[in-house]
**Student:** 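If you scroll down you'll find the structure; I have some questions about it.
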Amino acid sequence: MDEQKGHGIPDSLLKEVKELTRKFFALPYEEKIKIKMSPAKGYRGYQRIGENITKGVPDIHEAIDVGFTTHRCFQYPIISALHMLDQHTWLVCYKELKPGDYGDLGKTMEGCNQWPLDPPKFMDTMEDYINQCTNLSRKIMRGIALALGGSPYEFEGDRAGNAFWVTRIIGYPGKPCENGHDKPTNDVGWYRTNSILVLPLYFITGYIVIDLLSFLFMSSLSNKSSGPHTDYGLLTLVNQDDDITALQVRNHSGEWISAPPIPGAFVCNIGDMLKIYSNGLYESTLHQVINNSTKFRVSVAYFYETNFDTAVEPLDICKQKTGSAKKFERAVYGEHLVSKVLTNFV
Ligand SMILES: O=C(O)CCC(=O)C(=O)O
Ligand SMILES: [Fe+2]
């Protein structure tokens, strides 16, 4: 029998989605890029590390993908420098929207999810997992509604009765080179791209100068795998790798504290929409990811949102509890999401 924690989703399923995720990211870059995220696919699919930075020359990696190798002496500093950038690789899927579902508001997000054929069972397992997360989140929201002094169904009907969802299947490369290898353990496509960019410099100056420049470059960057942010919707269920502590949350005193993984448990984040509904009684938690280990970390983050077209504003019961005035203006969830999706991609 499966071990189940109080949330009711089998531990074996939590583990299986992470295993499938690890297998997917371990595939060659050429394989993963078959389901490349693009505006035409409703921003669904695989996005490699640094895609947001390379926008404008989106096909550079494909154009130069001729597979030559470069001298290890300067691969180390260059790859290490890139490790310091806001970096991860992910596969994003959204609740599917048919053309016209939400008029102009929904246009950006219209599309079907892009699932890899390899590993087999990826799509079926993820869809099952997402359904279970949706049911669990609805139940948690009923508990939160009660805790706010409302009816358990406060977040149903027009608010979140037809909740939109997002699932981000994420990989964070480990620190390169300290594990005795001279390249990252997963093929994320940057290796060759950056080799060609620095090759002329290498020949002109020699790798010692490159080492020095890279060191200076590294020192000037932050070491965030995923920079500080809040999530957009109501709540997030993060299913993180069991043996790497990388997720950090900022507490009320402004200190970053680690959220170490507890096997079988989710980290549950409050999102921006719940902050608005609760008139600030719930804070959307600022968090970040720093993978300082040498291992490739995976996590699967499920985001439970409001209805796509819902205009979110503080609930009366929450305004009463916080001295009547509304602290936040109304926000249409779909607009908030689209603006975030477009900024992430640019
Ligand atoms: O990987 C994690 O632990 C957190 C991911 C996250 O915060 C996000 O995708 O919004
Ligand atoms: Fe997040």
Side-chain angles (χ1 to χ4, degrees), residues 9 11-29 31-32 37 46-53 76 79-93 116 119 122 125-126 129 133 166-191 218 221-229 231 236-250 256-269 285-303 344:
I9 302 187
D11 199 22
S12 57
L13 184 57
L14 265 70
K15 284 203 172 84
E16 197 182 351
V17 299
K18 284 180 287 196
E19 268 327 297
L20 289 170
T21 298
R22 212 180 305 283
K23 283 186 184 151
F24 170 71
F25 286 127
L27 294 174
Y29 179 64
E31 204 48 46
K32 290 178 282 195
M37 172 194 278
Y46 171 74
Q47 193 177 26
R48 76 192 180 98
I49 290 165
E51 188 104 86
N52 48 347
I53 306 166
Y76 170 79
I79 292 167
S80 301
L82 281 158
H83 178 79
M84 299 297 188
L85 291 168
D86 186 9
Q87 59 172 255
H88 39 261
T89 178
W90 64 29
L91 170 55
V92 185
C93 35
F122 191 96
T125 309
M126 288 298 171
Y129 178 74
C133 285
V166 180
T167 302
R168 241 183 247 154
I169 297 159
I170 323 169
Y172 302 89
K175 275 189 176 171
C177 304
E178 289 172 19
N179 55 4
H181 303 295
D182 63 354
K183 66 171 192 166
T185 44
N186 284 47
D187 186 357
V188 290
W190 64 12
Y191 202 43
M218 281 159 68
L221 293 168
S222 72
N223 64 342
K224 305 287 160 57
S225 301
S226 175
H229 67 279
D231 296 340
T236 310
L237 303 177
V238 185
N239 174 10
Q240 53 171 338
D241 241 345
D242 281 348
D243 55 353
I244 301 172
T245 298
L247 177 60
Q248 299 184 346
V249 182
R250 206 172 69 174
W256 286 102
I257 51 167
S258 289
I262 301 171
F266 291 105
V267 171
C268 185
N269 291 331
T285 343
L286 198 63
H287 53 283
Q288 64 183 12
V289 178
I290 302 181
N291 183 12
N292 270 330
S293 83
T294 52
K295 286 196 251 174
F296 190 88
R297 173 182 184 265
V298 297
S299 78
V300 180
Y302 168 89
F303 304 85
N344 269 346

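This one's a predicted model, so the numbers in the text were calculated from it and none came from an experiment.
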**Student:** Check the pair Y302, V238 against side chain to side chain contact (heavy atoms under 4.5 Å, CB included), reporting the backbone distance first and the verdict last.
**Tutor:** CA-CA 6 Å; Y302 168 89; V238 185; over 6 Å; no
**Student:** Measure the spacing between NZ of K175 and CG of N292 and express it to the nearest 0.5 Å.
**Tutor:** 4.5 Å
**Student:** Donor-acceptor pair, distance only, cut-off 3.5 Å: does the side chain of D11 make one with the backbone of K15?
**Tutor:** no
**Student:** Salt bridge check, D241 against R22: does any charged N sit closer than 4.0 Å to a carboxylate O?
**Tutor:** yes
**Student:** Could you point out which residue of V300, L13, I9 forms a side-chain contact (heavy atoms from CB on, under 4.5 Å) with C133?
**Tutor:** I9
**Student:** Going by heavy atoms in the side chains, are V298 and E19 under 4.5 Å from each other?
**Tutor:** no
**Student:** Of all the heavy-atom pairs spanning I244 and F296, show the shortest one and how long it is.
**Tutor:** CD1-O, 4.1 Å
**Student:** In terms of relative ring orientation, are Y172 and H88 parallel, tilted or perpendicular, with 30° and 60° separating the classes?
**Tutor:** perpendicular
**Student:** Which atom pair, heavy atoms only, marks the closest approach of L14 to G264?
**Tutor:** CD2-O, 3.7 Å
**Student:** Does a side chain donor of either Q288 or R250 reach within less than 3.5 Å of an acceptor in the other side chain?
**Tutor:** no
**Student:** Going by the angle between their ring planes, with limits at 30° and 60°, are F24 and Y46 parallel, tilted or perpendicular?
**Tutor:** perpendicular
**Student:** Would you check, one step at a time, whether the test side chain to side chain contact (heavy atoms under 4.5 Å, CB included) holds for I290 with Q248?
**Tutor:** CA-CA 8 Å; I290 302 181; Q248 299 184 346; 3.9 Å; yes
**Student:** Under the criterion side chain to side chain contact (heavy atoms under 4.5 Å, CB included), I'd like the reasoning laid out for Q47 against L91: C-alpha separation, chi angles, the key distance, then a yes or no.
**Tutor:** CA-CA 6 Å; Q47 193 177 26; L91 170 55; over 6 Å; no
**Student:** Once you round to the nearest 0.5 Å, how far does CG of L237 lie from SG of C268?
**Tutor:** 5.5 Å
**Student:** Which value, rounded to the nearest 0.5 Å, describes the distance between S226 atom OG and I170 atom CD1?
**Tutor:** 7.0 Å
**Student:** When rounded to the nearest 0.5 angstrom, what distance separates CG in N239 from OG1 in T21?
**Tutor:** 8.0 Å
**Student:** For residues K18 and D242, report the shortest heavy-atom separation together with the two atoms involved.
**Tutor:** NZ-OD1, 3.3 Å
**Student:** Could you check if a side-chain atom of I169 sits within less than 4.5 angstrom of a side-chain atom of M126, using non-hydrogen atoms only?
**Tutor:** yes
**Student:** Does CD1 in I257 sit with more than 12 non-hydrogen atoms of other residues, nucleotides or ligands closer than 6.0 Å?
**Tutor:** yes
**Student:** Quick one: NE2 on H287 to CG on N269, what's the gap to the nearest 0.5 Å?
**Tutor:** 4.5 Å
**Student:** From T245 OG1 over to N291 CG, what is the distance, rounded to the nearest 0.5 angstrom?
**Tutor:** 10.0 Å
**Student:** I'd like to know if the side chain of K32 reaches the main chain of F25, judged simply by a donor and an acceptor atom lying under 3.5 Å from each other, with no hydrogens or angles considered.
**Tutor:** yes
**Student:** Do T236 and D231 have a side chain donor and acceptor closer than 3.5 Å?
**Tutor:** yes
**Student:** For A259 and Q240, work out which heavy atoms get closest and say how close.
**Tutor:** O-NE2, 3.0 Å
**Student:** Stepwise, does the side chain to side chain contact (heavy atoms under 4.5 Å, CB included) test hold for W90 with M37?
**Tutor:** CA-CA 10 Å; W90 64 29; M37 172 194 278; 3.9 Å; yes
**Student:** Do you know which two heavy atoms are closest between Y29 and R48, and how far apart they sit?
**Tutor:** OH-CD, 2.7 Å
